[in-house]
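Working notes, structure below.
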Amino acid sequence: QLVNDVLKEQSPSMLMRAREKLYELLVNCIPASVIIKTLAMELMKNLDDEVKHEVIEAASFYEHRIAMGSKDIFHLEAFLAKFMTIYKKYLNDMFA
């Protein structure tokens with residue numbers, strides 16, 4: 001459901017709602033690395049090949065940050081924000 005919500009709307013309010021869902025997953029002891037991998041795979045199902053490499057690059061960057069740092073929620077949220085930026089730019093380029 002989180003993936004569908006992010007694909008429908010790319011906004012700061014959506015990011016806040018996504019943060020709540022990410023917190024819920026983390027509180028239920030789902031590792032952040034599993035969350036980011038699953039998000040990346042599900043988000044890429046709906047993308048063209050030209051954008052997929054950017055999403056993979058962002059996912060690997062933030063997964064590395066998760067492994068090196070603390071406060072997983074910051075890195076997960078940053079990944080979603082980066083994805084929203086990539087996707088919004090893709091949509092604008094496609095329809096412009």
Just verifying a value: how many Å separate Ser70 OG and His75 NE2, rounded to the nearest 0.5 Å? 6.5 Å
Determine the minimum heavy-atom distance between Phe79 and Tyr62, stating which atoms define it. CA-CD1, 3.7 Å
Could you grab the distance from atom NE2 of His53 to atom CD1 of Ile86, nearest 0.5 Å is fine? 8.5 Å
Kindly work out whether a path of hydrophobic side-chain contacts (I/L/V/M/F/W/Y, heavy atoms less than 4.5 Å apart) joins Val34 to Met41. yes
Leu39-Met16 co-clustered via ILVMFWY side chain contacts under 4.5 Å: no
If you round to the nearest 0.5 Å, how far is CD of Glu63 from NZ of Lys37? 4.5 Å
A side-chain contact here means heavy atoms from C-beta on lying under 4.5 Å apart; do Val6 and Leu15 qualify? no
Does this structure show an ion pair linking Glu9 with Arg17, if we count only N-O contacts that are shorter than 4.0 Å? yes
Look only at the side chain of Gln10 and the backbone of Leu7, and say whether a donor-acceptor pair between them is shorter than 3.5 Å. yes
Salt bridge check: are Asp93 and Lys89 linked by an N-O gap of less than 4.0 Å? yes
What are the two closest heavy atoms between Leu80 and Ala18, and how far apart are they? CD1-CB, 3.7 Å
What verdict does the side-chain contact (heavy atoms from CB on, under 4.5 Å) test give for Ile30 and Thr38, after you've listed the backbone C-alpha separation in whole Å, the side-chain angles of each residue and the deciding distance to 0.1 Å? CA-CA 11 Å; Ile30 298 173; Thr38 305; over 6 Å; no
Measure the CD1-CG distance between Ile73 and Leu26 for me, rounded to the nearest 0.5 Å. 5.0 Å
Tell me, yes or no, whether the heavy-atom count around Met68 atom CE, taken from other residues, nucleotides or ligands under 6.0 Å, exceeds 12. no
Once you round to the nearest 0.5 Å, how far does CZ of Arg19 lie from CD of Glu24? 15.0 Å
Residue Lys21 excluded, over 12 heavy atoms near NZ under 6.0 Å: yes
What's the separation between atom CG in Leu2 and atom CG in Leu25, rounded to the nearest 0.5 Å? 7.5 Å
Given side chains that start at C-beta, do those of Phe61 and Arg65 come closer than 4.5 Å, heavy atoms only? yes
If the test is side-chain contact (heavy atoms from CB on, under 4.5 Å), which one of Leu47, Asn46, Leu43, Val51 qualifies with Tyr87? Leu47
With a 4.0 Å cut-off, would you call Lys45 and Glu42 a salt bridge? yes
